[in-house]
K.L.:
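Handing you a structure now.
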Amino acid sequence: MEQVDAGGSTTTVAASTSGESGLDPIARVRKLLFRQMLVGIKDGRFFLGSFHCIDKQGNIILQDTVEYRSIRRSSPSPTEQRCLGMILIPASCRTSCHVDCSIEEQLSLIQLKE
Amino acid sequence: MQSVREEESSSIDQEPRSCGDNSVWAHVSPLLSAACSDLNECELIHGDNFNLFAAMSALEIMDPKMDSGMVSTFYSIDEAIESGFAPVPISSDRTVDVQCIIDIMDHLLACEATWHMGHSLAQTVFSCIYVLRPERTSSHALLHSFCRVIRATCRALVSVVSDARTNEEEDLFTMTYGLPFNGDEDGKGLLLLNAVEETICRQLRACKATSSKRRVFEARRKANDFVFVVCRMMQNWNLYKLIRNWKRAFAKLCYAGYVFHFLHALNCMRRPQGRGLELARKHIAYCIAELESVLSSVEFLSLETVENGKNEMEESTTGSGRHPIGFDPNLNKRLSAPTPPRAIKLLSWKKVGTSKFSAIDYYVKLLHNLDQICAFKLEPDLDAVLQFVVQFQKSRPDLVARAHLQLLLVQDGKLYGRDTFLTICARSLALDVTKNHGLHLNEYILQLNQLMINLLKILCANTPWQRRKLGKILNDWSIFNVQMGITVGHMMQQVTTPRTPKNGDKSALILNHIYGWLEEQIHWVALRFLVLGFDLKLYSPSEYCMVYWYMYIILWKLAEKAHFRVLIIVHTEEQKAKKKEDYSRDMAREDRISLWVLLLKCQTSLAQGLTVMIAALRNEGMCLKSQGPFNTENEKFVQHFGLLQKASLPKYDAYESFSESTCHARLDYLPVYECFRDAQKMAKEIKVGYANDPDKLAEVVGLEQVAEHNIIAVNLLCQDRCLKVSFEFIHHPHFATAVVRRS
């Protein structure tokens with residue numbers, strides 16, 4: 001596995017003994033890799049793709065992405081879609097982020113360990 | 001840490017749901033924020049298959065250079081239409097409506113020309129909402145039919161270029177990216193346009209109310225500005241308005257006529273076996289006339305805007321200088337490709353000031369090129385075809401014209417869709433292959449067929465691509481030549497033994513002649529490869545010596561092979577004449593090829609003379625050596641001629657031979673003069689033969705002048721070794737003339 005690591009620290013996460021919801025955020029986000037992620041951005045478009053990478057600044061890379069956009073400024077309006085492939089969504093334009101998961105998992109995902 | 005917005009989108013319900021039961025969209029922004037804050041600098045969360053290098057190719061959203069989905073003026077075409085961006089009718093004021101229609105037609109023609117020159121349809125022709133949604137304009141006959149015919153023309157051209165597969169350069173040409181390109185409905189455009197033309201004609205006749213005014217119109221048709229000035233001076237507003245309205249109607253008619261005849265010309269040219277060429281020529285002639293009329297009418301109309309102080313004529317896409325209504329090149333951004341198309345500049349409608357090339361210039365050139373193709377007599381003579389293609393390419397025709405030429409020459413694996421290459425090849429050797437049916441299926445003949453088709457297609461391509469491909473196919477031809485040589489050698493051995501069937505004899509003989517002809521063609525291809533290097537300016541002056549040396553050896557061999565072919569023809573024809581009393585020899589063909597052989601010999605002498613002259617100058621220190629700081633002469637030689645040597649052209653070590661033959665050259669060496677004098681003598685003789693062919697005659701005159709001037713130059717240089725000499729292509733594009741200066 002390639003490690004982009006200038007600081008010299010490791011990214012391996014120690015397995016937590018306190019169950020899945022007790023895992024630290026990085027490990028939980030790691031579990032979201034390759035899942036379908038829906039990202040909304042400032043101008044109203046949505047991107048659905050498989051979660052590929054995230055960095056410290058919150059910039060997300062999605063693979064096999066489909067872009068959804070509305071045909072009219074006013075809502076509700078019909079949407080059109082097209083395929084984009086691999087994209088990078090800067091953190092600054094991201095307004096929302098959802099992941100496709102089962103109802104059981106949902107709880108563990110939205111719960112944050114302080 | 002970069003701030004991460006945690007606002008939820010309110011319209012999540014409208015978004016696509018993932019498939020599968022019991023699945024929901026979980027909001028994970030807070031989790032992502034927490035994970036990001038825990039990460040160290042430069043750390044990433046990624047899977048095993050993550051590759052940083054591959055990730056660099058990801059499209060960055062909200063970056064204008066990479067994100068074509070970014071909203072610009074309008075969200076969609078429908079929104080643009082709803083906001084009144086492309087009204088129908090354009091204006092309730094009829095005068096303004098007509099002005100705007102003419103602007104739209106100007107702009108559309110400029111867009112189409114820009115598309116031909118290599119930009120995408122989406123940013124050019126289809127940036128017009130009226131063209132994207134033609135059904136909206138059905139109440140406006142002229143605009144509607146004009147748009148339909150433009151679409152039909154675009155479809156016809158995309159079809160021609162796709163079939164010819166010459167889109168090695170303007171890859172965007174045939175990409176329609178989901179643009180509406182309906183076939184049948186656009187075909188009706190021609191009928192509609194015809195009806196519109198008749199209506200406008202009636203309007204024109206109504207305009208010419210009195211006989212006196214008719215005389216004014218007809219007499220002053222060309223002198224638009226004079227009429228305008230006269231009318232204004234006379235304060236004859238009514239007359240002026242009448243002329244202006246007439247001019248507008250006339251401009252509309254000319255535009256309608258132009259697109260109508262252009263589409264007809266394209267349709268005629270596509271008819272198989274060149275059956276529609278004569279009719280296409282008539283349509284092309286109409287197109288040229290209509291374009292001239294459009295130009296003169298719209299120039300007149302543009303005088304109004306200049307009068308009104310609008311001086312934005314420079315590089316405008318309309319004759320009037322006004323911005324046309326209903327065009328937005330950003331509308332189709334999303335259709336072009338995942339990444340936004342590069343910014344393009346439309347051709348200006350008319351050449352103004354220092355602008356290099358205008359849409360009108362482009363169409364005039366295109367029409368003349370198409371006319372040249374239509375004028376070609378489809379002779380089943382390969383020499384004539386090759387010479388025509390070479391001559392045609394001299395004017396640097398564009399993609400559309402070249403695609404049409406290719407489709408005319410090669411159809412269904414035959415020349416003009418009519419003659420097999422075996423027949424053509426046999427004709428150039430005066431052989432009769434009608435009785436040798438088996439030959440058509442011979443594997444060598446089939447392969448030769450393929451090589452010839454490939455060669456003709458390559459010769460119709462653009463110059464850089466053509467040269468590259470010619471270099472590559474030399475190897476294929478060479479290998480084929482060797483294989484055929486072995487087989488034919490065996491066959492000829494069997495022919496000399498007794499008890500061989502008569503038919504077998506003939507096939508072997510024919511194949512033997514074709515093998516010899518093949519050698520001639522390989523040398524022709526090699527010569528074309530070398531000569532294109534001059535057109536593409538691939539040789540630096542310090543390399544001219546080696547280039548001319550190579551041309552000399554190739555030309556020499558080509559002339560020898562061609563001369564041998566003449567001898568075969570003469571012999572065959574004499575045999576036929578002996579057998580049949582009333583047999584008429586095709587003397588014209590013999591004379592034609594003999595003349596061509598003489599031309600080759602003239603060029604051979606010139607090449608030889610130039611080689612020796614430049615070598616002498618180099619040896620005496622008066623000229624640049626071809627050894628540079630980075631490459632030796634040998635390395636440069638291999639760079640330029642490696643492909644030829646690989647194809648055994650020549651069979652011996654070319655560089656060694658070149659070095660030996662040029663190292664002792666001196667200016668006062670007699671052969672320098674003799675070569676140029678021989679070339680001069682031959683040129684005089686050839687001029688007589690080409691008296692009726694202006695293109696060939698011009699070339700031979702050029703060769704003669706090159707020889708003459710080089711003799712003078714050598715004389716001067718011999719007398720004064722301190723003079724400066726440079727080589728320039730003043731008289732001929734491939735044979736240089738030495739220009740001598742004091743300093």
Side-chain angles (χ1 to χ4, degrees), chain A residues 1-2 4-7 9 11 24-26 28-30 32-34 36 38 40-41 43 45-48 52-58 61 67-73 75-76 79 82 84-103 105-106 109-110 112, chain B residues 1-9 11-12 14-18 20 22-52 54-55 57-63 66-67 69-71 75-76 78-79 82 334-335 338:
Chain A
M1 185 162 82
E2 282 178 65
V4 183
D5 199 305
S9 56
T11 52
D24 66 300
I26 291 177
R28 281 152 70 190
V29 168
R30 207 182 291 284
L32 298 179
L33 286 170
F34 309 119
Q36 288 294 289
L38 184 68
I41 62 166
D43 68 356
R45 287 182 289 162
F46 284 88
F47 295 94
L48 177 68
H52 196 54
C53 178
I54 188 167
D55 68 357
K56 185 167 173 62
Q57 286 71 36
I61 292 184
E67 172 202 71
Y68 294 91
R69 62 179 250 164
S70 42
I71 295 175
R72 298 274 191 285
R73 274 176 221 273
S75 65
T79 54
R82 64 180 185 137
L84 292 182
M86 194 188 285
I87 64 167
L88 170 86
I89 302 170
S92 55
C93 57
R94 171 162 54 98
T95 55
S96 70
C97 189
H98 292 76
V99 166
D100 173 40
C101 62
S102 63
I103 295 172
E105 273 183 296
Q106 190 185 24
L109 281 173
I110 60 178
L112 274 177
Chain B
M1 189 186 87
Q2 191 118 5
S3 60
V4 172
R5 302 255 183 106
E6 293 184 24
E7 301 138 273
E8 276 213 33
S9 165
S11 55
I12 191 68
Q14 286 180 350
E15 297 324 311
R17 306 216 66 97
S18 53
N22 302 326
S23 58
V24 292
W25 291 111
H27 175 52
V28 293
S29 296
L31 175 59
L32 291 180
S33 308
C36 289
S37 61
D38 282 356
L39 283 172
N40 292 314
E41 288 295 334
C42 303
E43 257 187 273
L44 303 175
I45 299 176
H46 60 76
D48 290 343
N49 65 344
F50 180 77
N51 180 303
L52 193 62
S57 65
L59 296 172
E60 189 176 323
I61 300 302
M62 297 299 264
D63 179 340
M66 285 191 263
D67 188 3
M70 268 175 69
V71 174
Y75 269 58
S76 63
D78 293 316
E79 195 178 78
E82 280 162 20
R334 285 161 52 81
L335 283 177

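Numbers restart at 1 for each chain; the letters A, B, ... are given by sequence-line order, proteins then strands. All values below come from the heavy atoms of this structure, side chains included, with hydrogens, waters and symmetry mates left out.
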K.L.:
Answer yes or no: is there a side-chain heavy-atom contact under 4.5 Å between B/Trp25 and A/Asp100?
P.N.:
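Counting from C-beta outward, B/Trp25 and A/Asp100 do come under 4.5 Å.
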
K.L.:
List the atom of B/Ala54, the atom of A/Met86, and the distance in Å for their closest heavy-atom pair.
P.N.:
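Taking B/Ala54 first and A/Met86 second, the nearest heavy atoms are O-SD, 4.1 Å.
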
K.L.:
To the nearest 0.5 angstrom, please state how far the CG atom of B/Leu59 sits from the CD1 atom of A/Ile61.
P.N.:
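B/Leu59 CG to A/Ile61 CD1: 11.0 Å, rounded to 0.5 Å.
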
K.L.:
Highest number of heavy-atom pairs under 4.5 Å with chain B: which of A/Asp55, A/Ile87, A/Ile89?
P.N.:
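So the answer, after comparing A/Asp55, A/Ile87, A/Ile89, is A/Ile87.
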
K.L.:
Of all the heavy-atom pairs spanning B/Asp48 and A/Phe34, show the shortest one and how long it is.
P.N.:
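Between these two residues, the closest heavy atoms are N-CZ, 4.4 Å.
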
K.L.:
Can you tell me how far the CD atom of B/Glu41 sits from the NZ atom of A/Lys56, to the nearest 0.5 Å?
P.N.:
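Taking CD in B/Glu41 and NZ in A/Lys56, the distance rounds to 5.5 Å.
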
K.L.:
If you look at every heavy atom in A/Gly58 and B/Cys36, which pair is closest and at what distance?
P.N.:
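Heavy-atom minimum between the residues: CA-SG, 3.8 Å.
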
K.L.:
Any idea which of A/Cys53, A/Cys93, A/Ser70 has the most non-hydrogen atom pairs under 4.5 angstrom with chain B?
P.N.:
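Max contact count across the listed options: A/Cys53.
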
K.L.:
Give the minimum heavy-atom separation between A/Val29 and B/Ala35, together with the two atoms involved.
P.N.:
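Taking every non-hydrogen atom into account, CG2-CB, 3.4 Å.
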
K.L.:
To the nearest 0.5 Å, what is the distance between CG (B/Leu32) and CD1 (A/Ile54)?
P.N.:
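The distance works out to 4.5 Å.
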
K.L.:
Would you mind reporting whether A/Leu32 and B/Leu31 have side-chain heavy atoms less than 4.5 Å apart?
P.N.:
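Side-chain contact under 4.5 Å: yes.
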
K.L.:
Measuring from B/Asp67:CG to A/Arg45:CZ, what's the distance to the nearest 0.5 Å?
P.N.:
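Those atoms lie 4.0 Å apart.
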
K.L.:
Output, in order, the C-alpha distance, side-chain angles, deciding distance and verdict of side chain to side chain contact (heavy atoms under 4.5 Å, CB included) for A/His52 and B/Asn49.
P.N.:
CA-CA 9 Å; A/His52 196 54; B/Asn49 65 344; 3.7 Å; yes

K.L.:
If I measure from the heavy atoms of chain B, does A/Leu33 come under 4.5 Å with its side chain, its backbone, both, or neither?
P.N.:
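Looking at A/Leu33, just its side chain touches chain B.
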
